[in-house]
**Q** 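Input: one structure, supplied below.
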Amino acid sequence: FARASVDVLDRYVVAATIRRDGTDKFFPGKKYAYFPSVSLAWKLSNEPFMKHISWIDQLKIRGSYGQTGNDNLGSSLYGTFSIKFSNNSVTYVPYLLSGPDYPNVTWEKTTMKNIGIDFSVLKDRIWGSFDMFRNDVTNLLGYDSSSPLSMTSSVPMNYGHYVRYGWDATINSLNFEIPRVFKWTSQLTLSHHNAVWKERMPNYYYEEYRIRKNEPVNAYYYYETEGVINIDKSNISNRIEGRSWSRQKSLPADAQQPGYPIIKDANGDNKITIDDVKMRNTLPKIHIGFGNTFVYKDFDLDVFMYGQFGRTRYNYAYRWALVGDVYYTSPKNSNKYVYTIWNSQTNQNGNRRGIASTKAVALPGNVGFEEDYQNASFVRVRN
């Protein structure tokens, strides 16, 4: 690798790196790859036209571009050979090919682009940075189904393209200071990240409800539920002008029994179809961090909190209280949530599905329904 950096007039900074990496995992012609990077920075606060702005101590705009590589596929791309044994002794020694070569597989690459700003104001009492980034991951290393009559069930390959993008912000402040006696500083960090698919595997199967363009990598598809069907089914019936019908009439009869979840008719057409399927990105909407440092003479106190908001996660405690586990002849140990299961005899106010749901019912698109998911937003004191 080679690296060079140039600083012109303490205002303009250019840095560049070029590296050539090799690996023994790929075939000749694919072993080596070049990974360049370059960064630019403009120290705006050092420009003559900024000198009269006394409240700005530092202002720097910067940007960068670079590539990195990944060769970790988890298996060999070279065909393997074995010898033939018979009756626990070598009777004849032909070499048997037990796997083909894959000479076209090469480096997975991540192209990173970033633009940011660094600042310090009010005699360095407030300082921080803000960055926006986009990382394109291409030539992903993975496996796809092989063609019929192939000697292997899957084929290692380069495929697809997904993008990670987002922003990060940090603000620091000197809140109060008595020199050599007391000082209080704070730090706030905020960040938002996302990832979407630009291209999938060649043989990737898209269900009818699935997003084709810019699908989140962490997409979760589900039917919303609105409680549990009660004993007389009155909470899934609509009645207008003497006519009545079930809100779940488009589903199999087993999905319309007391104790089965009520599937929400999201588009209001009185039918449950794939048009009612919802998608949630399981990544948090925002990450936060907030810290305070207090220094009194030779003593210091650090309090740092972190958290995330806008995330829903499955509560695994409910997995130990599924109706099937207490219904079958050999019930498993459970927990207090077993008392929230709907039961026609003893718990008609239960809000979790009952025995009717143990029958396999294929919902449109074979999408499952959402249950036992909860708001996973939190703030925690780390230190």
**Q** Judged by atom type as modelled, is there a donor-acceptor pair below 3.5 Å linking the side chain of N218 to the main-chain atoms of N281?
**A**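 Judged by distance alone, no pair lies under 3.5 Å.
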**Q** Working to the nearest 0.5 Å, report the span between CG of D7 and OH of Y12.
**A** 11.0 Å
**Q** Looking at F27, I'd like to know if its CZ atom is crowded, meaning that more than 12 non-hydrogen atoms belonging to other residues, nucleotides or ligands lie closer than 6.0 Å.
**A** yes
**Q** Using ring centroids (six-membered ring only for Trp), state whether Y206 and Y204 fall under 6.0 Å.
**A** yes
**Q** Nearest 0.5 angstrom please: I61 CD1 to L59 CG, how far?
**A** 6.0 Å
**Q** My understanding is that only residues two or more places apart in sequence, or in another chain, count here; which of them pass side-chain contact (heavy atoms from CB on, under 4.5 Å) with Q374?
**A** N315, Y318
**Q** If you group Ile, Leu, Val, Met, Phe, Trp and Tyr whenever their side-chain heavy atoms sit less than 4.5 Å apart, what else falls in with I231?
**A** V228, W342
**Q** Just verifying a value: how many Å separate L122 CG and S54 OG, rounded to the nearest 0.5 Å?
**A**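 It is 9.0 Å, given to the nearest 0.5 Å.
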**Q** In terms of heavy-atom contacts, does CG of N349 have more than 12 from other residues, nucleotides or ligands at under 6.0 Å?
**A**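 No - once you tally the heavy atoms of other residues, nucleotides and ligands closer than 6.0 Å, there are 12 at most.
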**Q** Considering residues, nucleotides and ligands other than M132, do more than 12 of their heavy atoms fall under 6.0 Å from its CE?
**A**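 For M132, atom CE is not crowded (no more than 12 foreign heavy atoms under 6.0 Å).
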**Q** Could you check if a side-chain atom of I229 sits within less than 4.5 angstrom of a side-chain atom of N235, using non-hydrogen atoms only?
**A**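 The answer is yes; the side chains approach within 4.5 Å.
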**Q** Do the rings of W167 and H192 sit parallel, tilted or perpendicular, given the 30° and 60° boundaries?
**A**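 Tilted, since the angle between the ring planes falls between 30° and 60°.
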**Q** Just wondering, do W107 and N139 contact through their side chains at under 4.5 Å, heavy atoms?
**A**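 No, every pair of side-chain atoms sits at 4.5 Å or beyond.
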**Q** So, does R125 use its side chain to make a donor-acceptor pair with the main chain of S120 at under 3.5 Å?
**A** no
**Q** What distance do S173 atom OG and D124 atom CG have between them, rounded to the nearest 0.5 Å?
**A**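 Between S173 OG and D124 CG, I get 12.5 Å after rounding to 0.5 Å.
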**Q** Checking S146 side chain against S153 main chain: does a donor-acceptor pair fall under 3.5 Å?
**A**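 Checking the backbone N and O of S153 against the side chain of S146, a donor-acceptor pair under 3.5 Å is found.
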**Q** Show which residues join F378 in its hydrophobic cluster (side-chain heavy-atom contacts under 4.5 Å, direct or indirect), or state none.
**A**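 Noted: F378 shares its cluster with F304, Y306.
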**Q** Can you name the closest pair of heavy atoms from S129 and D118 and give their distance?
**A** CB-OD1, 3.1 Å
**Q** Please examine the side chains of K25 and L73, heavy atoms only from C-beta on, and report whether any two atoms are closer than 4.5 Å.
**A** no
**Q** Which donor-acceptor pairs under 3.5 Å do the side chains of residues 283-301 make with protein atoms, sequence neighbours left out?
**A**
{"from": "N292", "atom 1": "OD1", "to": "W184", "atom 2": "NE1", "distance (Å)": "2.9"}
{"from": "N292", "atom 1": "OD1", "to": "S186", "atom 2": "OG", "distance (Å)": "2.5"}
{"from": "T293", "atom 1": "OG1", "to": "D302", "atom 2": "OD1", "distance (Å)": "2.6"}

**Q** Test side chain to side chain contact (heavy atoms under 4.5 Å, CB included) on D10 and K43 and set out the steps.
**A** CA-CA 7 Å; D10 197 26; K43 299 178 183 179; 2.7 Å; yes
**Q** Under 3.5 Å, which donor-acceptor pairs do the side chains of residues 30-39 form with other protein atoms, sequence neighbours left out?
**A**
{"from": "K31", "atom 1": "NZ", "to": "F26", "atom 2": "O", "distance (Å)": "3.2"}
{"from": "Y34", "atom 1": "OH", "to": "R20", "atom 2": "NE", "distance (Å)": "3.3"}

**Q** What distance do K264 atom NZ and T225 atom OG1 have between them, rounded to the nearest 0.5 Å?
**A**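 Going from the NZ atom of K264 to the OG1 atom of T225 covers 10.0 Å.
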**Q** Using a 6.0 Å cut-off, check whether atom CZ of R212 has over 12 heavy atoms from anything other than its own residue.
**A** yes
**Q** Which residue pairs pass the salt bridge (charged side-chain N to carboxylate O under 4.0 Å, His left out) test with at least one member in residues 135-152, sequence neighbours excluded?
**A**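 Pairs touching residues 135-152 that pass the test: K113-D136, R134-D136.
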**Q** Under the salt bridge (charged side-chain N to carboxylate O under 4.0 Å, His left out) rule, collect the residues that match up with E199, sequence neighbours excluded.
**A**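 Result, salt bridge (charged side-chain N to carboxylate O under 4.0 Å, His left out) vs E199: none returned.
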**Q** Could you work out, with salt bridge (charged side-chain N to carboxylate O under 4.0 Å, His left out) as the rule, every residue matching D71, not counting sequence neighbours?
**A** none
**Q** Between Y221 and Y209, is the gap from one ring center to the other below 6.0 Å?
**A** yes
**Q** Does any part of the side chain of I274, heavy atoms only, come nearer than 4.5 Å to the side chain of Y223, both counted from C-beta?
**A** yes
**Q** Taking all non-hydrogen atoms of both residues into account, name the closest pair between K51 and S45 and its distance.
**A**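 Minimum heavy-atom contact is NZ-O, 3.9 Å.
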**Q** Take V323 and T358, measure what side chain to side chain contact (heavy atoms under 4.5 Å, CB included) needs, and give me the verdict at the end.
**A** CA-CA 8 Å; V323 62; T358 60; 3.7 Å; yes
**Q** Apart from V13 itself, which Ile, Leu, Val, Met, Phe, Trp or Tyr residues share its cluster (side-chain heavy atoms under 4.5 Å, direct or through members)?
**A** none
**Q** Could you note down all residue pairs passing salt bridge (charged side-chain N to carboxylate O under 4.0 Å, His left out) where residues 175-198 supplies at least one of them, sequence neighbours left out?
**A**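 Listed once each, the pairs would be none.
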**Q** Flag the pair Q308 / V379 as yes when at least one side-chain heavy-atom distance between them is below 4.5 Å, and no otherwise.
**A**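 Of all side-chain heavy-atom pairs linking V379 with Q308, none is under 4.5 Å.
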**Q** Side chains of I341 and R353: does their closest heavy-atom pair fall under 4.5 Å?
**A**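 A side-chain contact is absent here, since even the closest heavy-atom pair is not under 4.5 Å.
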**Q** Report yes if the side chains of N158 and L141 come closer than 4.5 Å at any heavy-atom pair, otherwise no.
**A** yes
**Q** Taking the hydrophobic residues Ile, Leu, Val, Met, Phe, Trp and Tyr, and joining any pair whose side-chain heavy atoms are under 4.5 Å apart, which ones share a cluster with V163?
**A** Y165, V196
**Q** Taking the side chain as C-beta and beyond, is there a heavy-atom pair between F130 and D168 under 4.5 Å?
**A**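 No, every pair of side-chain atoms sits at 4.5 Å or beyond.
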**Q** Give the C-alpha distance, both sets of side-chain angles, the deciding distance and a yes or no for side chain to side chain contact (heavy atoms under 4.5 Å, CB included) between H161 and V137.
**A** CA-CA 6 Å; H161 171 197; V137 186; 5.7 Å; no
**Q** Suppose we screen for salt bridge (charged side-chain N to carboxylate O under 4.0 Å, His left out). Which residues come up paired with R164, at least two apart in sequence or across chains?
**A**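 Once residues adjacent in sequence are excluded, R164 has no partner under the salt bridge (charged side-chain N to carboxylate O under 4.0 Å, His left out) criterion.
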**Q** D276 side chain to A266 main-chain N or O, any donor-acceptor pair under 3.5 Å?
**A** yes
**Q** Looking at G350, is its backbone amide N or carbonyl O close enough to the side chain of N343 to form a donor-acceptor pair, meaning the two atoms are under 3.5 Å apart?
**A** no
**Q** In terms of heavy-atom contacts, does CZ of R210 have more than 12 from other residues, nucleotides or ligands at under 6.0 Å?
**A**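 Enclosed.
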**Q** Please identify which of these residues, R352, R313, R319, meets the side chain to side chain donor-acceptor pair (under 3.5 Å) condition with D372.
**A** R352
**Q** Do the side chains of K271 and D265 get close enough for a salt bridge, i.e. N-O under 4.0 angstrom?
**A** no
**Q** Would you say the rings of Y220 and Y314 are close, in the sense that their centroids are separated by under 6.0 Å?
**A**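 Distance test on ring centres: not under 6.0 Å, no.
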**Q** Between Q67 and T111, is any side-chain donor less than 3.5 angstrom from a side-chain acceptor?
**A**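 Per modelled atom types, Q67 and T111 side chains form a pair under 3.5 Å.
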**Q** If you count the non-hydrogen atoms of other residues, nucleotides and ligands that lie under 6.0 Å from CG in D232, is the total more than 12?
**A** yes
**Q** Between the side chain of Q256 and the main-chain N/O of L251, is any donor-acceptor distance below 3.5 Å?
**A** yes
**Q** Please step through side chain to side chain contact (heavy atoms under 4.5 Å, CB included) for the pair T170 and L188, ending with a clear verdict.
**A** CA-CA 6 Å; T170 301; L188 174 67; over 6 Å; no
**Q** Look up atom CD in E370 and atom OH in Y222, then write down how far apart they are to the nearest 0.5 Å.
**A** 5.0 Å
